[in-house]
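Quick notes on the structure that follows.
Chain letters run A, B, ... following the sequence lines, proteins first, then strands; residues in each count from 1. Keep in mind that the numbers below use all heavy atoms, side chains included, and drop hydrogens, waters and symmetry copies.
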Amino acid sequence: MIKITLKDGSVKEYPKGTPVIEITNDISRGLAKNALAAKLNGKKIDLQSPVNEDSTLEILTFDSEEGPDIYRHSTSHIMAQAVQHLFPGTKFGIGPAIADGFYYDFDAVENFSPDDLAKIEEEMAGIIRADLPFERLEVSRDEALKMFKKAGENYKVELINDLPEDAVISCYRQGDFVDLCAGPHVPSTGKIKSVKLMNLAGAYWRGSEKNKMLQRIYGTSFPKKSLLDEYIFRLEEAKKRDHRKLGAELDLFSVQDEGPGFPFFHPKGMILRNELENFWREEHKRSRYEEIRTPLILNRSLWEQSGHWDHYQENMYFTQIDDIDFAVKPMNCPGSILIYKSKLHSYRDLPIRLAELGLVHRHELSGTLHGLMRVRCFTQDDAHIFMLRSQVTEEIIGVIDLIDRFYKVFGFEYHVELSTKPEKAMGSDEIWDMAIDSLKKAMETRGMEYKINEGDGAFYGPKIDFHLRDCLGRTWQCGTIQLDFVMPEKFDLVYIGEDGQKHRPVMIHRVVFGSIERFIGILIEHFAGAFPIWLSPVQVKVLTVTDRGLEYAREIHDVMEQNGIRAEIDGRNEKIGYKIREAQLEKVPYMLVIGDREVDNKTAAVRKRGVGEKGNIGVSEFIEEVLEDIRLKR
RNA sequence: GCCGAUGUAGCUCAGUGGUAGAGCAGCGCACUCGUAAUGCGCAGGUCGUGAGUUCAAGUCUCAUCAUCGGCUCCA
């Protein structure tokens with residue numbers, strides 16, 4: 001007999017070699033019905049696996065952390081089987097689970113069409129109905145190679161060859177389909193209930209553009225139709241919030257054929273943008289930054305000196321002036337450095353924090369452009385901090401605090417990631433290690449948790465990235481803090497120390513919004529266009545019931561404008577319901593309805609976005625409330 | 001850049017080789033109206049662009065541009 005410790009701490013005894021499924025049945029019928037796989041001593045296994053020693057056992061259902069991945073992974077095998085049935089000769093790439101679903105990459109004889117997805121779904125339904133068991137087969141490396149070579153599965157052969165020496169090579173079979181796979185899988189195809197194939201896309205084998213492009217089918221699956229419906233509903237919600245759609249509807253910005261990746265900001269979008277910049281300037285002044293502005297176009301020699309010529313050329317735009325080569329800036333740092341170098345600095349002056357709302361241009365691949373989120377020119381809310389080595393930790397903490405303050409204003413939560421030395425890097429390992437340690441130290445001092453991204457740093461230094469989470473749970477990289485010992489060296493930056501000698505300062509490059517354009521895109525989607533009042537392009541709309549109210553409406557409109565409130569009058573000859581509907585679609589935070597009653601009592605009937613009618617109120621009282629909301633950025 | 005799809009009026013879309021359509025928006029007129037769409041009328045398009053096939057092209061072919069979904073890349 002062996003002892004099995006369950007998740008709740010209870011211990012049960014079973015004969016050695018009892019399959020997990022029997023233990024599960026013994027625990028509870030309900031659990032056995034929902035069980036997908038299990039975790040034995042922390043290792044994920046199939047329900048059919050026998051237990052041979054004293055162990056801790058956790059049964060995984062769809063509701064467990066690992067459940068959905070196992071469920072979707074099994075679904076991807078079913079999809080592959082369906083494709084094999086319908087499109088003989090197709091070779092198979094990989095088919096993992098991803099967040100919210102799965103995909104499988106195929107090298108098919110012919111391209112799939114969107115109509116094929118429906119056919120594949122149908123075939124999958126048949127496989128699911130057949131309730132084929134998933135069988136695990138462990139094979140030797142030679143057997144595996146022989147089997148997949150014979151089948152002409154060259155991608156699988158490549159995968160097997162790349163497996164570590166000591167790896168257990170396993171395959172899973174359901175019916176007539178066998179796939180190389182570590183597992184685990186659900187017990188049988190019948191476990192899969194609601195499947196939807198979402199879309200079709202090209203994807204390079206192993207993610208490298210040097211390799212062949214395979215066809216990827218994305219899909220998802222759920223144990224209940226209601227969960228699938230809910231998921232599809234969420235996707236539709238996200239679509240409704242799409243900043244490209246709302247940006248056009250709310251007349252905030254546009255992207256035109258004449259400028260792919262170069263967004264146009266319309267008057268209302270500019271209000272939003274200027275509010276963000278005003279807030280940014282206030283906060284940076286308070287944190288003792290000085291604002292600068294550097295030119296968009298600078299001489300080639302500068303970019304050679306900074307290393308951008310060698311490390312960033314493929315993303316840069318070039319031009320000539322009087323036969324001399326110039327580049328459009330892809331980053332603001334060299335300009336900022338030139339300002340630092342324009343005079344001699346004492347150690348007493350440091351740290352010097354030079355902030356710049358800098359418009360940068362970067363050549364992005366045409367296929368990647370996306371509204372305001374991925375563009376070819378954008379404004380970084382940049383700053384470069386020149387400081388003593390002894391000031392590094394304190395300055396980094398200062399930036400972390402600043403970023404934290406900003407995101408809280410918008411109600412964003414975030415997590416941070418630390419990126420280390422990339423392949424295309426400048427500077428010695430020693431300098432990099434020192435820089436990475438400084439960033440770690442600052443985060444640890446502040447008690448922050450962080451994830452490490454090996455090899456993901458900028459070419460001149462490691463960085464901390466801030467990923468904020470929007471109301472739909474999606475994450476966006478916005479703020480970054482990059483520590484740089486390399487540029488000061490390249491540009492021979494100095495300050496005069498206490499000893500009267502020249503010393504080398506250290507630099508921080510950092511952004512808070514990241515890109516103002518992208519940040520606006522995120523705000524649009526986060527708030528679904530219903531911005532907090534301090535950002536709303538129109539804060540109050542005054543609606544007249546008849547033109548008898550027009551004069552009084554103008555009066556209160558003027559008072560609001562004098563108080564700095566962005567107000568508009570809708571005095572058109574339309575029914576009040578029509579005007580309300582329109583203002584509602586414009587997502588204006590407050591409407592004031594003006595009819596004969598309001599004119600007579602010198603009040604306004606307030607209608608608040610998301611609340612509805614709030615009753616009548618004196619105009620000055622209303623203005624005070626609105627101003628308070630704006631001031632507190634509610 | 002690569003794979004796939006799409007491109008018809010300001011917007012959303014219909015139009016399967018034979019005279020370009022609808023709704024909304026716009027403009028005009030009437031209605032002076034109380035919390036999410038008043039009625040009637042008018043105007044609006046070299047069908048993304050360029051070639052080609054055809055007696056005839058929005059519709060078929062090719063090229064090209066842009067957009068969308070991904071890959072890759074990143075703020």
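Nucleotides B:rG45 and B:rA9, compared at atom C1', are 5 Å apart to the nearest Å. Using P as the reference atom, B:rG21 and B:rG15 are 15 Å apart when rounded to the nearest Å. One C1' atom belongs to B:rG17, the other to B:rC2, and the distance between them is 35 Å to the nearest Å. When the P atom is used for both B:rU59 and B:rU49, the distance is 11 Å, rounded to whole Å. To the nearest whole angstrom, the two P atoms, one in B:rA5 and one in B:rC42, are 42 Å apart. Spacing between B:rU19 and B:rC47 at atom C1', rounded to whole Å, works out to 15 Å. Distance noted for atom C1' between B:rA51 and B:rA57: 13 Å (whole Å). Taking atom C1' in both B:rU16 and B:rU72, one finds a spacing of 38 Å when rounded to whole Å.
Each of B:rU35, B:rC3, B:rA75 was ranked by its minimum atom distance to the side chain of A:Thr480; first place goes to B:rA75. Side chain of A:Ala201, nearest nucleotide from B:rG34, B:rA66, B:rG69: B:rG69. In the set B:rA37, B:rA75, B:rG70, B:rG70 carries the atom at the smallest distance from any side-chain atom of A:Met213. Between B:rU72, B:rA75, B:rU32, one nucleotide has an atom nearer to the side chain of A:Ser515 than all others, and that is B:rA75. The side chain of A:Asp547 lies closest to B:rU32, out of B:rU72, B:rU38, B:rU32. Of the candidate nucleotides B:rG26, B:rA66, B:rA75, B:rG26 has the atom lying nearest to any side-chain atom of A:Tyr578. Side chain of A:Glu574, nearest nucleotide from B:rG69, B:rA75, B:rU38: B:rU38. With distances taken from any side-chain atom of A:Arg581 to the nucleotides B:rG34, B:rA37, B:rA75, the minimum falls on B:rA37. Nearest to the side-chain atoms of A:Ile580 among the listed nucleotides B:rA66, B:rU38, B:rU35 stands B:rU35. Side-chain atoms of A:Tyr204 lie closest to B:rC2 of the nucleotides B:rA36, B:rC73, B:rC2.
Side-chain atoms of A:Gln477 and A:His467 include no donor-acceptor pair closer than 3.5 Å.
In this structure, A:Tyr218 has its ring center no closer than 6.0 Å to that of A:Phe102. Aromatic pair A:Tyr231/A:Phe233: ring centres not closer than 6.0 Å. Proximity of the aromatic rings of A:Tyr155 and A:Phe92 is defined here by a centroid distance below 6.0 angstrom, and this criterion is not met.
In the interface, the side chain of A:Arg548 is not paired with the base of B:rU32 through any donor and acceptor atom under 3.5 Å apart. Looking at A:Glu598, its side chain comes within 3.5 Å of the base of B:rG34 through a donor and an acceptor atom.
Checking B:rG50 for Watson-Crick or G-U wobble geometry (two distances, each under 3.5 Å) identifies B:rC62 as its partner. B:rG69 is paired with B:rC3 under the criterion used here, namely a Watson-Crick or G-U wobble arrangement in which both key atom distances are under 3.5 Å. Base pairing of B:rA43 is not made with any nucleotide, judged by Watson-Crick or G-U wobble geometry with both donor-acceptor distances under 3.5 Å. When Watson-Crick and G-U wobble pairs are counted only if both distances are under 3.5 Å, B:rU38 pairs with B:rA30.
B:rC3 atom P lies 15 Å from atom CG of A:Asn211, rounded to whole Å. Here B:rC73 presents its C1' atom at 11 Å from CG of A:Asp456, a figure rounded to the nearest Å. Atoms CG (A:Asn199) and C1' (B:rC71) sit 12 Å apart, rounded to a whole Å. Distance, A:Phe253 CZ to B:rU67 P: 12 Å, rounded to whole Å. Nucleotide B:rA36 holds its C1' atom 15 Å from the CD atom of A:Glu249, rounded to whole Å. Distance NE2 (A:His370) to P (B:rC71): 12 Å, rounded to an integer number of Å. For the pair A:Glu586 CD and B:rA25 P, the computed distance is 13 Å after rounding to whole Å. Here B:rC33 presents its C1' atom at 13 Å from CZ of A:Arg597, a figure rounded to the nearest Å.
Stacking is found between A:Phe378 and the pyrimidine-like six-membered ring of the B:rA75 base under the 5.5 Å centre-distance and 30° plane-angle cut-offs.
At distances below 3.5 Å, not a single donor-acceptor pair connects side-chain atoms of A:Thr603 with backbone N or O atoms of A:Ile617.
Using a cutoff of 4.0 Å between basic side-chain nitrogens and carboxylate oxygens, A:Lys329 and A:Glu356 are scored as salt-bridged.
Of the side-chain N and O atoms in A:Tyr312, none sit less than 4.0 angstrom from OP1 or OP2 of B:rC73. In this structure, A:Arg362 does not reach the B:rC74 phosphate: none of its side-chain N or O atoms is under 4.0 Å from OP1 or OP2. For A:Asn111, a side-chain nitrogen or oxygen approaches OP1 or OP2 of B:rG4 to under 4.0 Å. Checking the phosphate oxygens (OP1, OP2) of B:rG69, a side-chain nitrogen or oxygen of A:Arg244 falls inside 4.0 Å. Phosphate contact (OP1/OP2 of B:rC73, side-chain N/O of A:His363, threshold under 4.0 Å): absent. Regarding contacts with the backbone of B:rC33, every side-chain N or O of A:Lys579 stays at 4.0 angstrom or more from both OP1 and OP2. Phosphate contact (OP1/OP2 of B:rC71, side-chain N/O of A:Tyr218, threshold under 4.0 Å): present. Phosphate contact (OP1/OP2 of B:rC74, side-chain N/O of A:Arg518, threshold under 4.0 Å): absent.
Figure legend: cation-pi geometry between A:Arg72 and A:Phe222, with NZ or CZ positioned under 6.0 Å from the six-membered ring centre and within 45° of its axis.
A:Phe513 and A:Phe406 have perpendicular rings, their planes meeting at more than 60° on a 0 to 90° scale where under 30° would count as parallel.
Contact of the A:Arg362 side chain with the A:Tyr317 side chain is not registered, since no non-hydrogen atoms from C-beta on lie closer than 4.5 Å.
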